[in-house]
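Shown next, in structure tokens, is the structure this report addresses.
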Amino acid sequence: MLNFKCIDDLRDFFVKAFPQAKLAEDFTISTEKCPPGMNGDITLNCFRLAKPLKSSPDKIAGAAVEMLNSHEDVAQAEKVKAFVNVTLTAAAIHRSSLGDIDALLNAVVLPETKRKKIVIEYSAPNTNKPQHLGHVRNNTLGMSLAALLARVGHDVKPINLVNDRGIHICKSMLAYQRLGNGITPENSGIKGDHLVGKFYVKYNNLLNEELTELKKAKPELADKSNEDLFLETELGQATQKMLQDWENNDPAVRELWLKMNKWVFAGFDETYRRMGIKFDHTYLESNTYLLGKDLISQGVDNGIFTPRADGAIIAELGKLGEKVVLRSDGTSVYITQDIGTTLKKYEDYQPDEQIWVVGDEQIFHFKVLFAILKKMGYDWADNLFHLAYGMVNLPSGKMKSREGTVVDADDLFENMVELAKKSTLERCGEDIPEDIDERSEIIGMGALKFMLLKFNPKTTMMFDPEASVKFEGDTGPYVQYACARISSIERKAAAQGIKLTDNLDWSLADSEAEKSLSATAFLYPQVLQLAAERKDCSVLVNYLLDLAKAFNRFYRECPVLISENSAAVRDIRLAICHRVRMVLADGLKTLTIGIPKAM
RNA sequence: GCCCCGGUAGCUCAGAGGAUAGAGCACUUGACUUCUAAUCAAGCUGUCACAGGUUCGAAUCCUGUCCGGGGUACCA
């Protein structure tokens, strides 16, 4: 939507010119970028207006052309079928977009009445293994969405809910108990979460060995699944026992649990630090896992939940079927905890909205959760949102922890940063910058986050570790590079004593490249708001690529400091550079991506 | 079986009813004594899965079919 002043004026003109239409207050018209090859900057589609204006597209276009051609901001308006292609004056374009850069950047922020307090939960790792690429996608989506929502004015509370207890946690504990030999992160130099992960893998190996032997000894069990046979194995029984001991507060088990979890948390802290993640609060499942149970019994008293013949407590949810909310032995299931934690989060924050960043395989689970909360009578249950994102696949297929086909988060970070460093060094030649490591970190991590955010969250995306992440084309470094080029111009200008000035004659920036760059910048607030509305950072990512592309074209065609520009032209172009950099920087920051001082 | 999501260029993906369907990668070619070549310019590439329907107009909305993924637990 490129609605410059002349289009607002055109709207007012329509209201008068088509009185028979009885236009509503909120009647709007909007224009878009003129397609390449057409003569004009923006284009108005009059087919769309036929209905609201109660007139023919052709007549509307005719009237629009006449009006626009007499408008001071319009250089030329041309009717092509029922489209009106408008060439604007350079001054009109620049004044509306880059003319007041503070206004442009502030136009993003929602009016106070539309701002909300939003709790966003993401990451939610298990403490039995290190994080992998799937978590990295989750983390990136979560932190960037939180930043985006905050950018448009919401009060955002990012929180984490760590799954730090349960049978899977006992598995790595048990393997450590049997095979650990006192190894620690300190005495081995292995990052805590990775060390614990190794024992999780060892556990699965031990279990598989035992299952194989069991099936060999008892051929009649061959058809049974490994899950069914879990409690037939010695290892399975020991694990079950450990979980029970944990729940009964057995001191030795609790001590081991605390020790190993501490290692994992230290490892996660490092992973989060590198990504730039900070949570407002981290909930631990070990503290929250019993939360929902009381609510269920209250619900039974109130007739919201009903006991089934077999003793389980169920919620009857119509189309969604019935859902067990408490097992027949009185213990809680996954959704019991979720009911409890959702309420706890509500009590802790009193948010207007809650968001969960969780994989799309849990879409049904969240539908059920929201329906149950609604049934329990919480009117705020209408404002719960599951941001369901697709899985990350490798060229070889799905990532599977057990098969060792996961891409480890920390390894991935290291590779990206190394790659960035290597290519920075190649570019620098002998002149190695002092801050090479800092730069590589920003470029490598930026490239990774940008790549993950470029896809629409719900798409199941493909990640090719061989091709790794490119630093050329539609990438984070492409946008960072545009900023670096501008910074370089600004440094040189400053060195020559040239100062930014507000005394600008915008009509001097009348090339196609300049107009198009400015028109693209004009879209920034709308893009941010659309991205926030859709909860989709890829909208912003693709926009920043457009803007950087428009800048690079400008960079080639419109020299700023060199050539025999007049001082006035130079000042205009320098101002354009500076202001475009502000938009690019604001956009990258909103995606939680940094900008290196130079590249 | 039922439910949800997807199928667009060789590959990875954009395209929220509008003109001639795009971008990046890959491939071909040209541009660095130039404000940074992580760049730019040009070229090549399509049965928008298929079949109907709605519409002045459909990749986009509706119906059906085929293919792929996910879900459909007293797992998380």
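Heavy atoms only: backbone and side chains are in, while hydrogens, waters and symmetry mates are out. Reminder, nothing fancy here: chain letters follow the sequence lines and each chain counts from 1.
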For [N] versus [M], give the span between their [atom1] atoms, rounded off to a whole number of Å.
N: A26(B); M: A9(B); atom1: C1'; answer: 11 Å
N: A19(B); M: G71(B); atom1: C1'; answer: 42 Å
N: C27(B); M: G10(B); atom1: C1'; answer: 10 Å
N: G24(B); M: A14(B); atom1: P; answer: 16 Å
N: U33(B); M: U28(B); atom1: C1'; answer: 28 Å
N: G22(B); M: C62(B); atom1: C1'; answer: 26 Å
N: G1(B); M: U65(B); atom1: P; answer: 11 Å
N: U29(B); M: C44(B); atom1: C1'; answer: 11 Å

Give one of base, sugar-phosphate or nothing for [X], where a contact means two heavy atoms less than 4.0 Å apart.
X: Q337(A); result: nothing
X: F364(A); result: sugar-phosphate
X: S423(A); result: base
X: N85(A); result: base
X: A50(A); result: nothing
X: R308(A); result: base
X: T331(A); result: nothing
X: L545(A); result: nothing
X: C34(A); result: nothing

If we call it a pair only when both distances are under 3.5 Å in a Watson-Crick or G-U wobble match, what pairs with [N]?
N: U65(B); value: A49(B)
N: G10(B); value: C25(B)
N: U72(B); value: G1(B)
N: A59(B); value: none

Looking only at the side chain of [X] (C-beta and beyond, no hydrogens), which of the listed nucleotides [options] gets closest?
X: K492(A); options: U36(B), A14(B), A19(B); result: U36(B)
X: I363(A); options: G71(B), C4(B), C40(B); result: C4(B)
X: K458(A); options: C35(B), G6(B), G24(B); result: G6(B)
X: M38(A); options: A19(B), A37(B), C13(B); result: A19(B)
X: Y555(A); options: U36(B), C74(B), C40(B); result: U36(B)
X: M462(A); options: G71(B), C35(B), C13(B); result: C13(B)
X: V333(A); options: G18(B), C74(B), U36(B); result: C74(B)
X: R556(A); options: A19(B), A14(B), A41(B); result: A41(B)
X: Y478(A); options: U39(B), U20(B), U36(B); result: U39(B)

Rounded distance (Å) that lies between atom [atom2] of [N] and atom [atom1] of [X]:
X: K323(A); N: A73(B); atom1: NZ; atom2: P; answer: 8 Å
X: R485(A); N: C32(B); atom1: CZ; atom2: P; answer: 15 Å
X: L394(A); N: C11(B); atom1: CG; atom2: P; answer: 19 Å
X: M451(A); N: C25(B); atom1: CE; atom2: P; answer: 16 Å
X: R48(A); N: A58(B); atom1: CZ; atom2: C1'; answer: 14 Å
X: F455(A); N: U12(B); atom1: CZ; atom2: P; answer: 10 Å
X: Y543(A); N: C13(B); atom1: OH; atom2: C1'; answer: 21 Å
X: E32(A); N: G22(B); atom1: CD; atom2: C1'; answer: 15 Å

Do [X] and [Y] meet the criterion of a side-chain donor-acceptor pair at a distance under 3.5 Å?
X: N126(A); Y: N163(A); value: yes
X: S56(A); Y: D58(A); value: no
X: S286(A); Y: D164(A); value: yes

_Using the rule side-chain hydrogen bond (donor to acceptor under 3.5 Å, both in side chains), only one of D41(A), T520(A), T87(A) pairs with K515(A); which is it?_
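The single option meeting the side-chain hydrogen bond (donor to acceptor under 3.5 Å, both in side chains) with K515(A) is D41(A).
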*Which of these, D193(A), N138(A), N139(A), sits in a side-chain hydrogen bond (donor to acceptor under 3.5 Å, both in side chains) with Q131(A)?*
N139(A)
*R553(A) side-chain N/O to A41(B) phosphate OP1/OP2 under 4.0 Å*: no
Within the side chain of [X], is there an N or O that forms a donor-acceptor pair under 3.5 Å with the backbone of [Y]?
X: E322(A); Y: A315(A); result: no
X: T31(A); Y: L2(A); result: yes
X: T341(A); Y: D338(A); result: yes

*What's the verdict on side chain to side chain donor-acceptor pair (under 3.5 Å) for N552(A) and Y478(A), showing C-alpha distance, side-chain angles and the deciding distance?*
CA-CA 10 Å; N552(A) 277 328; Y478(A) 179 88; 3.1 Å; yes
*asked:* Is there, by distance only and without an angle test, a donor paired with an acceptor across the side chain of S488(A) and the base of C35(B) below 3.5 Å?
replied: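 Result: no qualifying N/O pair found.
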*Would you state whether a donor and an acceptor, one from the side chain of N552(A) and one from the base of A37(B), lie under 3.5 Å apart?*
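For N552(A), whose side chain was compared with the base of A37(B), there is no donor-acceptor pair (under 3.5 Å).
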*Does the ring of F83(A) meet both stacking tests against the six-membered base ring of G18(B): centre distance under 5.5 Å and plane angle under 30°?*
no
*Closest-nucleotide ordering on RNA chain B, the 5'-leading residue of E472(A) and N456(A)*: N456(A)
*asked:* Nearest heavy atom decides the nucleotide; on that basis, is S538(A) or V80(A) closer to the 5' end of RNA chain B?
replied: S538(A)
